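Since this is a predicted model, take the numbers as computed values, not measurements.
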Amino acid sequence: MSEDFYVGYDPKCPPGLTRFLRARVTALLVGCAAIAVVLATAARPLGSGNFAYGTVRDFEGRILEKPYPILAVMRPGRAVPAWSYYPLVGRGKHGADPEVAGLDGRMVHLKGTLIHRDASTMVELMARPAAAGEAVGGVDPVIDHGIVTVIGEIVDGKCHLGVMNPGEGQTHRACAVRCISGGAPPLLVTRDSTGGAMRYLLVDENDQPLGKRVLDLIAVPVRVTGRTWSRGDLAFLSAAPSTIERIR
């Protein structure tokens, strides 16, 4: 019988078989480690979004109901713009329209959770805001930036800004469809040559929510021609659905 023959009840593996197994197991482990490094290097970054889940904060500001619910918070001193603007969403896969109905232009107290990515911030409402008196002064004016054609991806604002990471791409498409169907505002995300992102709240040519009219165009590269405008540091892109073109 060969001296390298081994049965399970023997106390030791024969030397020849030990050398054979050690070399191949070592090679297998090194190969697995190399594959892991390659896959990790090639993987798409998860992004820098953050959802402060479980941390509820108090906010005070002015409600803007249209085109999407927004909380305008006055900045101190003589800052320009004078207000910061935070799109609002409901809990789960829902927009905030029911919670803010009838509060347009009113000052409110509300409790919410921050969602943010880069310089873009959103607030998830915990409940209907409480009226806090009459608003003093007007919000920043709308500034029109003209017609542009941009290439990007339509995502749901809530997940993309931090509830899910990366919150974009085909793997997130089903979730984004549900969120936008439920009222979460769609964003058009465009990137420059360095990977820097520009995010537009996407509305139709009449500055009304696009909602379910863009569901077939979520998570794919699109070309959009429309009017860009801003209020404070919040950017919008107004485009007729017919001008949103899938490019592959």
* Between Arg231 and Val139, does a side chain to side chain contact (heavy atoms under 4.5 Å, CB included) hold up when you go through it step by step? -> CA-CA 8 Å; Arg231 189 189 293 276; Val139 295; 3.3 Å; yes
* Asked: Closest heavy-atom contact between Met122 and Gly157?
  -> CE-C, 3.9 Å
* Structure fact -> Value for OH (Tyr86) from OG1 (Thr121), rounded to nearest 0.5 Å, stands at 6.0 Å
* Nearest heavy-atom pair of Thr228 and Asp144: which atoms, and what distance? -> O-OD1, 3.7 Å
* **Test item: Ser181 side-chain N/O and Val177 main-chain N/O as donor-acceptor pair under 3.5 Å** => yes
* Asked: Under 4.5 Å between any side-chain heavy atoms of Phe51 and Glu124, yes or no?
  -> yes
* To do: Calculate, to the nearest 0.5 Å, the distance between atoms CE and SG belonging to Met164 and Cys175 respectively.
  => 5.0 Å
* Starting from the C-alpha separation in whole Å, work towards a yes-or-no answer on side chain to side chain contact (heavy atoms under 4.5 Å, CB included) for Lys66 and Asp104. => CA-CA 8 Å; Lys66 301 297 181 182; Asp104 188 49; 6.0 Å; no
* To do: Could you tell me whether a side-chain N or O of Asp156 sits under 3.5 Å from a main-chain N or O of Ala184, the two making a donor and an acceptor?
  => no
* Asked: Mind checking whether Val148 and Thr225 have side chains closer than 4.5 Å, heavy atoms only?
  -> no
* Asn50 (side chain) donor-acceptor with Gly162 (main chain) under 3.5 angstrom -> no
* Please walk me through it: do Val123 and Ile115 pass side chain to side chain contact (heavy atoms under 4.5 Å, CB included)? -> CA-CA 6 Å; Val123 175; Ile115 307 166; over 6 Å; no
* Could you check if a side-chain atom of Leu114 sits within less than 4.5 angstrom of a side-chain atom of Arg57, using non-hydrogen atoms only? => yes
* Any Arg117 side-chain heavy atom under 4.5 Å of Arg199 side chain -> yes
* Structure fact -> Smallest heavy-atom separation, Glu65 atom then Ala101 atom, equals OE1-CA, 3.7 Å
* Asked: What heavy-atom pair brings Gly226 and Leu237 nearest, and what distance separates the two atoms?
  -> C-CD1, 3.7 Å
* Close side-chain approach of Val108 and Glu60, heavy atoms under 4.5 Å -> no
* Asked: When you measure from the side chain of Lys158 to the backbone N and O of Gly92, does any donor-acceptor pair fall under 3.5 Å?
  -> yes
* Taking the side chain as every heavy atom from C-beta outward, state whether Ile151 and Thr190 have any pair of such atoms under 4.5 Å apart. => no
* To do: Check for a donor-acceptor pair, side chain of Glu153 on one end and backbone N or O of Val220 on the other, with a separation under 3.5 Å.
  => no
* Structure fact -> Tested for side-chain contact (heavy atoms from CB on, under 4.5 Å) against Leu217, the lone hit among Leu210, Val222, Leu188 is Val222
* Rounded to the nearest 0.5 Å, what separation is found between the CZ atom of Arg91 and the OG1 atom of Thr113? -> 7.5 Å
* Is Val89 reachable from Val155 through a run of I, L, V, M, F, W or Y residues, each pair having side-chain heavy atoms under 4.5 Å apart? -> yes
* Do the charged groups of Glu99 and Lys111 touch, with an N to O distance under 4.0 Å? -> no
* **Heavy-atom neighbours of Arg227 CZ exceed 12 at 6.0 Å** => yes
* For Ile147, what are the other residues in its hydrophobic cluster, where any two members join if their side-chain heavy atoms are less than 4.5 angstrom apart? -> none
* To do: Can you see which heavy atom on Asp207 is nearest to which on Pro67, and at what distance?
  => O-CB, 3.2 Å
* Asked: Are any side-chain N or O atoms of Gln170 and backbone N or O atoms of Ala219, one a donor and one an acceptor, separated by less than 3.5 Å?
  -> yes
* Asked: Taking side chain as C-beta onward, heavy atoms only, is Asp97 less than 4.5 Å from Pro69?
  -> yes
* To do: Would you mind reporting whether Leu187 and Leu201 have side-chain heavy atoms less than 4.5 Å apart?
  => yes
* Asked: Looking at CD of Glu168 and NE2 of His160, how far apart are the two atoms once the value is rounded to the nearest 0.5 Å?
  -> 5.5 Å
* Establish whether Ile154 and Val150 are linked, either directly or via other cluster members, by ILVMFWY side-chain heavy-atom contacts under 4.5 Å. => yes
* Do you know the tightest heavy-atom contact between Ala239 and Val224? -> CB-CG1, 3.6 Å
* side chain to side chain contact (heavy atoms under 4.5 Å, CB included) between Arg106 and Ile63, intermediate numbers included -> CA-CA 6 Å; Arg106 300 287 301 276; Ile63 293 293; 5.6 Å; no
* Tell me whether Leu234 is reachable from Met74 by hopping between hydrophobic residues (I, L, V, M, F, W, Y) whose side-chain heavy atoms are closer than 4.5 Å. => yes
* Asked: Under the criterion side-chain contact (heavy atoms from CB on, under 4.5 Å), which of Leu103, Val100, Leu71 is the partner of Leu110?
  -> Leu71
* **side-chain hydrogen bond (donor to acceptor under 3.5 Å, both in side chains): pairs with one or both residues in residues 209-219, sequence neighbours excluded** => Asp204-Arg213
* Ignoring hydrogens and geometry, is there a side-chain-to-backbone donor-acceptor pair from Ser238 to Val203 under 3.5 Å? -> no
* Asked: Phe236 pairs by ring pair (Phe, Tyr, Trp, His ring centres under 6.0 Å) with which of Tyr200, Trp229, Tyr85?
  -> Trp229
* Asked: Can you check whether Leu202's main-chain N or O pairs, donor with acceptor, with Tyr68's side chain at less than 3.5 Å?
  -> yes
* For Arg75, does the CZ atom sit with more than 12 other heavy atoms under 6.0 Å from it, leaving out its own atoms? -> yes
